[in-house]
Amino acid sequence: MGLKYNTYLDGNKIYGCKNCKAHLANHLDIISRNFRGQHGKAYLFNNVVNVDALDPDERHMTTGRHIVRDIKCRECKDIVGWKYDKAFENAEKYKEGKFILEAELLCNVV
């Protein structure tokens, strides 16, 4: 397994890990701001970088049953959100393959 290099994003507003400032997502990749996480407000992203996904876990959430994986910052290993692997409700299928980042665990990277 070789070395993992961080990806650096380019854009006007980049979200990073609050702990280590590693780039995680571009503001333009937000699909929805209408989510809640364990720490409050959360965002649904189409794409994130510099994260590692943990093992899948079935969870019963407010919108139904999902299989998700917690995602941790590749740099400092802090949990920053989760990835949706599978949604069991048809109305929630749009989340599959998408990522949640919790606002409280993010910072704006300049």
Side-chain angles (χ1 to χ4, degrees):
M1 179 159 124
L3 291 175
K4 291 184 179 180
Y5 293 96
N6 280 348
T7 299
Y8 293 93
L9 299 170
D10 199 18
N12 291 332
K13 189 168 185 181
I14 302 299
Y15 295 103
C17 174
K18 188 175 185 178
N19 184 45
C20 71
K21 313 292 188 273
H23 289 198
L24 298 176
N26 189 318
H27 179 75
L28 298 176
D29 282 330
I30 290 180
I31 297 169
S32 175
R33 294 186 187 114
N34 195 23
F35 282 81
R36 305 281 304 164
Q38 195 174 356
H39 301 93
K41 188 165 50 169
Y43 309 127
L44 182 68
F45 283 88
N46 204 32
N47 188 41
V48 299
V49 297
N50 300 323
V51 296
D52 292 319
L54 302 179
D55 292 333
D57 183 32
E58 185 174 321
R59 295 188 191 157
H60 295 277
M61 302 175 138
T62 56
T63 56
R65 196 174 77 168
H66 300 302
I67 295 178
V68 299
R69 297 170 183 258
D70 284 336
I71 54 174
K72 62 182 181 176
C73 173
R74 183 180 292 156
E75 190 70 27
C76 70
K77 310 299 185 219
D78 279 0
I79 300 288
V80 292
W82 65 88
K83 178 183 181 182
Y84 286 101
D85 280 349
K86 181 173 176 56
F88 291 94
E89 304 284 333
N90 282 336
E92 304 299 316
K93 293 280 187 192
Y94 74 95
K95 297 176 184 175
E96 292 181 350
K98 307 294 190 286
F99 302 86
I100 290 286
L101 292 178
E102 297 199 46
E104 181 64 29
L105 306 177
L106 302 177
C107 68
N108 289 321
V109 179
V110 180

(request) Please determine if Lys21 and Glu75 form a salt bridge, counting it only when a charged side-chain N lies under 4.0 Å from a carboxylate O. (result) no

(request) For residues Gly37 and Ala42, report the shortest heavy-atom separation together with the two atoms involved. (result) N-CB, 3.9 Å

(request) Would you kindly confirm whether Val48 and Ile79 end up in one hydrophobic cluster when ILVMFWY residues are joined by side chain heavy atoms under 4.5 Å apart? (result) no

(message) Working to the nearest 0.5 angstrom, can you tell me the gap between Asn6 CG and Cys17 SG?
(response) 10.5 Å

(message) Taking transitive links into account, so neighbours of neighbours count too, which hydrophobic residues share a cluster with Phe88 at under 4.5 Å side-chain distance?
(response) Ile67

(message) With rounding to the nearest 0.5 angstrom, report the CG to CG distance, Leu24 to Asn47.
(response) 11.0 Å

(request) Taking all non-hydrogen atoms of both residues into account, name the closest pair between Asn108 and Lys13 and its distance. (result) OD1-CE, 3.5 Å

(request) Kindly state each residue pair satisfying salt bridge (Lys or Arg N to Asp or Glu O under 4.0 Å) with at least one member in residues 35-54, sequence neighbours excluded. (result) Lys4-Asp52, Asp52-Arg74

(message) In terms of relative ring orientation, are Tyr15 and Tyr43 parallel, tilted or perpendicular, with 30° and 60° separating the classes?
(response) tilted

(message) How long is the straight-line distance from CG of Asp70 back to CD of Gln38, given to the nearest 0.5 Å?
(response) 8.5 Å

(request) Taking the side chain as every heavy atom from C-beta outward, state whether Lys98 and Asn46 have any pair of such atoms under 4.5 Å apart. (result) yes

(request) Compare every heavy atom of Asn34 with every heavy atom of Ser32, then report the nearest pair and how far apart it is. (result) OG-N, 3.1 Å

(message) Please say yes or no: joined through hydrophobic side-chain contacts below 4.5 Å, possibly via intermediate residues, are Leu44 and Met61 part of one cluster?
(response) yes

(message) Let me confirm one number: the NZ-NZ distance from Lys95 to Lys83, rounded to the nearest 0.5 Å.
(response) 15.5 Å

(request) State plainly whether one hydrophobic cluster holds both Val80 and Val49, where clusters connect Ile, Leu, Val, Met, Phe, Trp and Tyr through side-chain heavy atoms under 4.5 angstrom apart. (result) no

(message) Do Ile30 and Phe99 sit in one hydrophobic cluster, given that two such residues count as connected whenever their side-chain heavy atoms are within less than 4.5 Å of each other, even indirectly?
(response) yes

(message) Please check: side-chain N/O of Lys93 versus main-chain N/O of Ala87, any donor-acceptor pairing under 3.5 Å?
(response) yes

(message) Please identify which of these residues, Asp55, Asp85, Asp57, meets the salt bridge (Lys or Arg N to Asp or Glu O under 4.0 Å) condition with Arg69.
(response) Asp85

(message) Using side-chain heavy atoms (C-beta onward) and a distance below 4.5 Å, is Glu92 in contact with Tyr94?
(response) yes

(message) With rounding to the nearest 0.5 angstrom, report the CD1 to CZ distance, Ile100 to Phe45.
(response) 9.0 Å

(request) Determine, using the 4.5 Å side-chain heavy-atom cutoff (strictly less than), whether Val109 and Leu106 are members of one ILVMFWY cluster. (result) no

(request) To the nearest 0.5 Å, tell me how far Asn12 CG sits from Leu28 CG. (result) 7.5 Å

(message) I'd like to know if the side chain of Glu102 and the backbone of His39 have a donor-acceptor N/O pair within less than 3.5 Å.
(response) yes

(request) For the pair Glu58 (side chain) and Arg65 (backbone), establish whether a donor and an acceptor sit closer than 3.5 Å, ignoring hydrogens and angles. (result) no

